[in-house]
Amino acid sequence: MSMRKRVWLDRLLSLTHLEQTKARGGNDGLVISGGGSRASFQLGALRYLYDNCGITPTRIVGTSAGSIVGSMLAQSMDPAEQSEYLGKLEECWLAMSEPSEMFTEQAWFARFKDQWSEIADVMPEQEEPEVLFVDGEQSDSEALVKEALDFDPSDNNDFNLSMAFHLLGSLGRIGKVGAGLATSWRGAERAASAYRPGPIVHRLLFETGFSPEAVRTSGVELRLAMVGLNSGELHFMRQDGILVDTEDQPIRDQTSELTLGIWASCSIPGVFRPIRIGEELYVDGGVRENVPVEMAVSKLGATKPYVIVSSPPGAAIPRLEARDIVSIMLRSLTILFDEAIQDEVAWARHSGAVVIEPLISVHGPMDVDNGLLRINRDYGWMRAAEVITGAEPGTTGAIVEARMALWRELNANVDARTIKKARKELRAAIKGVDSQLLPEGHQDWPEETWPRTS
């Protein structure tokens, strides 16, 4: 497990400190997890909290995408101004319509994919093996073990005469592609990542009027989580650009640009390039702590913390059909991180935090589709309403499922009768829920015409 293990005794001591802080007077805290494009959920939840609860967070801690959101809000102590900054975030986030706006491929990675596809086109098609996975349903245990030990589908690729003639006719093309692959490899070594932050990051940090100086002087205590590649330690950047450890003690005297701290906190390993701050290379804080609530509660003294998580609890998804090693590896990492997140959320609840998290996965952390972003934003609003009003968790789930179903049908270009049925089911789902749990404009959802571009 990559996260820093804590014993419950340490946490109980932290809660004792929290009770002492409460006696001195309370303050709102805000903890915003990472989650890539799933920050759409958090924007909706925040909109509900600002408009319906009048939150005034003076302690903000964020990881990854949560660092972007938190930094924008931390430009002012005034809740009305924070709400305005949230509006700018929403405007930028919901203007995205494709993944490249958030995750732009490095040149080497784009070339590599093109070159690899050219090689695949040159190679003659091979029959797929009949068995792709070891079958645990077999009754013969000896045969099952033998298959697990011996099965190697990559071994059935004999070079035959037909393949030789095919390759001879393509030597010129393969030679060019091979040289290109070598260039791509050199580019990969220099880039140290497959992607770079897309235009959305530039718009948020440089086109919305974002001011690191405003963050520094606002009075809001801000902490952005990041992990050192060399030390393996979880660190935080403060609003003034000073790096601190998990005890909130400075680890170096020099200040750094806050924008560097935001980028470091968002640098998903392998996806984005690590960011150098001082002598250390930093990556996404979610590697160690995706929901850094302990910093907000135990170190910054937030007595009324709101914790907004972007991914649902548990790692269950529909039946996995992935057949390639990359898909299986990424899926396994998702399961690994899920356990850490659940532990952090459990501690948050135990500390008395108000936790708002999705129960349904509307889209993945690297998915950028305008329709799904909007559905997830509205879902965040509804889940916040459920939590704050004390409604049964999942009350609005049927609406989200029906809205996603309509989105799928419209994107699949099915017949009018099927779409009409999907619209009818969405109307019925909306009708069955108390309107106080639904955001403004929900009456128009059944008439939406996905895909939308604005």
Side-chain angles (χ1 to χ4, degrees), residues 32-33 35-49 51-52 65-66 69 86-87 89-99 101-103 200 308-313 316-318 356-387 391 393-414 418-454:
I32 313 172
S33 80
S37 60
R38 281 175 167 167
S40 52
F41 176 90
Q42 296 166 322
L43 297 180
L46 285 167
R47 175 51 61 203
Y48 179 89
L49 293 175
D51 293 352
N52 296 275
V69 178
L86 176 61
L89 272 169
E90 287 184 278
E91 184 179 352
C92 286
W93 213 265
L94 299 181
M96 293 191 295
S97 59
E98 57 184 36
E101 295 183 68
M102 189 168 186
F103 306 96
I200 179 65
I308 309 180
V309 184
S310 64
S311 56
I317 60 170
I356 301 169
E357 62 180 341
L359 302 178
I360 298 169
S361 180
V362 174
H363 62 78
M366 293 187 70
D367 296 332
V368 178
D369 175 277
N370 190 257
L372 292 180
L373 291 176
R374 290 172 183 272
I375 293 172
N376 206 35
R377 184 272 312 268
D378 295 336
Y379 182 36
W381 195 101
M382 292 187 290
R383 277 294 293 141
E386 288 179 6
V387 171
T395 299
T396 60
I399 295 176
V400 178
E401 297 282 10
R403 202 174 175 199
M404 291 169 63
L406 175 58
W407 172 86
R408 286 192 296 267
E409 301 292 11
L410 288 167
N411 277 272
N413 294 317
V414 297
T418 302
I419 293 175
K420 183 178 180 180
K421 180 182 178 182
R423 294 190 192 281
K424 181 179 179 181
E425 290 175 351
L426 178 53
R427 290 190 194 96
I430 292 173
K431 188 176 180 181
V433 173
D434 189 332
S435 61
Q436 72 169 333
L437 300 178
L438 304 176
E440 183 179 350
H442 66 270
Q443 303 92 335
D444 300 328
W445 291 348
E447 310 309 319
E448 287 173 325
T449 54
W450 307 119
R452 292 170 63 163
T453 56
S454 63

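Side-chain atoms are counted along with the backbone in the values below, which use heavy atoms only and exclude waters and symmetry mates. This chain uses plain numbering: 1 for the first residue, then up along the sequence.
A donor-acceptor pair is defined here as one N or O able to donate and one able to accept, closer than 3.5 Å; such a pair exists between the side chain of S37 and the backbone of D367. Using a distance-only test at 3.5 Å, with no hydrogens or angles considered, no donor-acceptor pair links the side chain of N376 to the main chain of L372. Formation of a donor-acceptor pair under 3.5 Å by the D369 side chain with backbone atoms of S97 is not found in this model. Checked by atom type and distance alone, the side chain of Y379 never pairs as donor or acceptor with a backbone atom of I399 at under 3.5 Å. Of the possible polar contacts, one joining the E386 side chain to the G394 backbone as a donor-acceptor pair under 3.5 Å is found. Remark: the backbone N or O of E357 is paired with a side-chain donor or acceptor of R383 at under 3.5 angstrom.
R38 and S311 make their closest contact through NH1-CB, 3.3 Å (heavy atoms, listed as atom of the first residue, atom of the second, distance). The shortest heavy-atom contact between I419 and E409 is CG1-CB, 4.4 Å. Of all the heavy atoms in S310 and P358, the pair that sits closest is O-CG, 3.4 Å. Contact detail for G36 and A65: the closest heavy-atom pair is O-CB, 3.6 Å. The shortest heavy-atom contact between R377 and L94 is NH1-CD1, 3.0 Å.
Applying the salt bridge (Lys or Arg N to Asp or Glu O under 4.0 Å) rule to E425 yields no partners; only residues at least two apart in sequence or on another chain are considered. The ring-ring contact (aromatic ring centres under 6.0 Å, His included) test applied to W93 returns no partner, not counting sequence neighbours.
Heavy-atom neighbours of E91 CD from other residues, nucleotides or ligands within 6.0 Å: at or below the threshold of 12. More than 12 heavy atoms of other residues, nucleotides or ligands shown are found within 6.0 angstrom of CD on E447.
Contact check for L49 versus I308: side-chain heavy atoms found under the 4.5 Å cut-off. Using a 4.5 Å heavy-atom threshold, the side chains of S40 and H363 count as touching. Under the 4.5 Å side-chain criterion, counting only non-hydrogen atoms from C-beta, Q42 is in contact with S33. Between H442 and L426, every side-chain heavy-atom pair lies at or beyond the 4.5 Å cut-off. I375 is not listed as a side-chain neighbour of W445, based on a closest heavy-atom distance of 4.5 Å or more. Using a 4.5 Å heavy-atom threshold, the side chains of R403 and D378 count as touching. When side chains are defined from C-beta on, M96 counts as touching L373, because their heavy atoms get closer than 4.5 Å. A 4.5 Å side-chain heavy-atom check between I200 and V368 finds every atom pair outside the cut-off.
Distance check: L410 CG to T418 OG1 gives 10.5 Å after rounding to the nearest 0.5 Å. In this structure, the separation between CH2 on W381 and CG on N52 is 5.5 Å, given to the nearest 0.5 Å. With rounding to the nearest 0.5 angstrom, the CZ atom of F41 is 10.0 Å from the CD1 atom of I360. Once rounded to the nearest 0.5 Å, the distance linking CZ of R423 with OG1 of T449 reads 7.0 Å. Taken from CG in L406 to CZ in R427, the straight-line distance is 9.5 Å, to the nearest 0.5 Å.
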Test side chain to side chain contact (heavy atoms under 4.5 Å, CB included) applied to D444 and E448, step by step: CA-CA 7 Å; D444 300 328; E448 287 173 325; 5.7 Å; no

Check the pair I430 / Q443 against side chain to side chain contact (heavy atoms under 4.5 Å, CB included), numbers first and verdict last. CA-CA 8 Å; I430 292 173; Q443 303 92 335; over 6 Å; no

